[in-house]
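Read the structure below first, then the notes.
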Amino acid sequence: MKCVISVLGKDRSGIVAAVSTALAECGANIDDISQTILDDIFSMTMLTTLNPSVADFNTVQERLEKEGESLGVQIIIQREDVFQYMYKI
C-alpha cells in the first residue's frame with residue numbers, strides 16, 4: 001500500500017533518522033523523500049510503501065503519531081489514493 005507522509009515542525013537534529021527508523025521497524029519502504037527547512041521550520045514529504053504483513057496502516061499511523069509527539073513535530077500519513085483523490089476535486 002502506497003502512502004504519503006508529511007512531517008512539519010521546528011527544525012532539530014534527528015527528525016529524518018527517527019521517522020525513517022520508525023518506518024523501517026514497521027517494515028515500510030521509503031520510495032521517495034523531499035525535505036526543506038524554511039527559516040527554522042522543517043518540512044518533509046515521503047512517499048512510502050507499507051508492508052501490511054508486518055504492520056497495517058493503523059499500526060504505522062499510531063507509531064508515527066508517538067514518534068511525532070516525542071520529536072515535537074506533526075506527522076500525518078495518508079493513503080496515496082485518498083491523497084490523490086483529495087486534490088482532484
- Could you walk me through whether Gln35 and Phe42 pass side-chain contact (heavy atoms from CB on, under 4.5 Å), step by step? CA-CA 7 Å; Gln35 70 177 45; Phe42 176 85; 4.1 Å; yes
- Quick one: salt bridge (Lys or Arg N to Asp or Glu O under 4.0 Å) partners of Asp11, sequence neighbours excluded? none
- Query: Looking only at heavy atoms, which two atoms of Ala22 and Leu64 are closest? And how far apart?
  - Reply: CB-CD2, 4.3 Å
- Query: Passes side-chain contact (heavy atoms from CB on, under 4.5 Å), Leu71 versus Val19? Steps please.
  - Reply: CA-CA 9 Å; Leu71 292 167; Val19 174; 4.2 Å; yes
- Item | Point-to-point distance, once rounded to the nearest 0.5 Å, from CG of Leu23 to CG of Asn51 | 12.5 Å
- Task: Determine whether Ile15 and Ile33 fall in the same hydrophobic cluster, where Ile, Leu, Val, Met, Phe, Trp and Tyr are linked whenever their side-chain heavy atoms lie under 4.5 Å apart.
- Result: yes
- Item | Residues which pass salt bridge (Lys or Arg N to Asp or Glu O under 4.0 Å) with Asp40, listed by chain and number, not counting sequence neighbours | Lys10
- Query: What residues, two or more places apart in sequence or in another chain, satisfy salt bridge (Lys or Arg N to Asp or Glu O under 4.0 Å) together with Glu65?
  - Reply: none
- Message: With a 4.5 Å cut-off on side-chain heavy-atom distances among I, L, V, M, F, W and Y, is there a chain of contacts connecting Val60 to Ile76?
- Response: no
- Excluding sequence neighbours, so at least two apart, what forms side-chain contact (heavy atoms from CB on, under 4.5 Å) with Glu25? Thr21, Arg63
- Item | Inter-residue atom distance Ile75.CD1 - Gln61.CD, 0.5 Å rounding | 11.0 Å
- Task: Taking all non-hydrogen atoms of both residues into account, name the closest pair between Ala55 and Cys26 and its distance.
- Result: CB-O, 3.5 Å
- What's the shortest heavy-atom distance between Arg79 and Cys3, and which atoms? CA-SG, 4.2 Å
- Task: First locate atom CE of Met44, then atom OG of Ser20, and finally report the distance between them rounded to the nearest 0.5 Å.
- Result: 7.0 Å
- Would a hydrophobic clustering, with Ile, Leu, Val, Met, Phe, Trp and Tyr connected at side-chain separations under 4.5 Å, put Leu38 with Val16? no
- Which residues share a side-chain contact (heavy atoms from CB on, under 4.5 Å) with Ile41, sequence neighbours left out: Leu8
- Would you say Ile77 and Leu47 are hydrophobically clustered, going by side-chain heavy atoms of ILVMFWY under 4.5 Å? no
- Examine Met46 and Met1 and state if one hydrophobic cluster contains both, with Ile, Leu, Val, Met, Phe, Trp and Tyr joined whenever side-chain heavy atoms are less than 4.5 Å apart. yes
- Item | salt bridge (Lys or Arg N to Asp or Glu O under 4.0 Å) partners of Lys2, counting only residues at least two apart | Asp31
- Message: Using every non-hydrogen atom in the two residues, find where Leu50 and Ala28 come nearest and quote the distance to one decimal.
- Response: CD2-CB, 3.7 Å
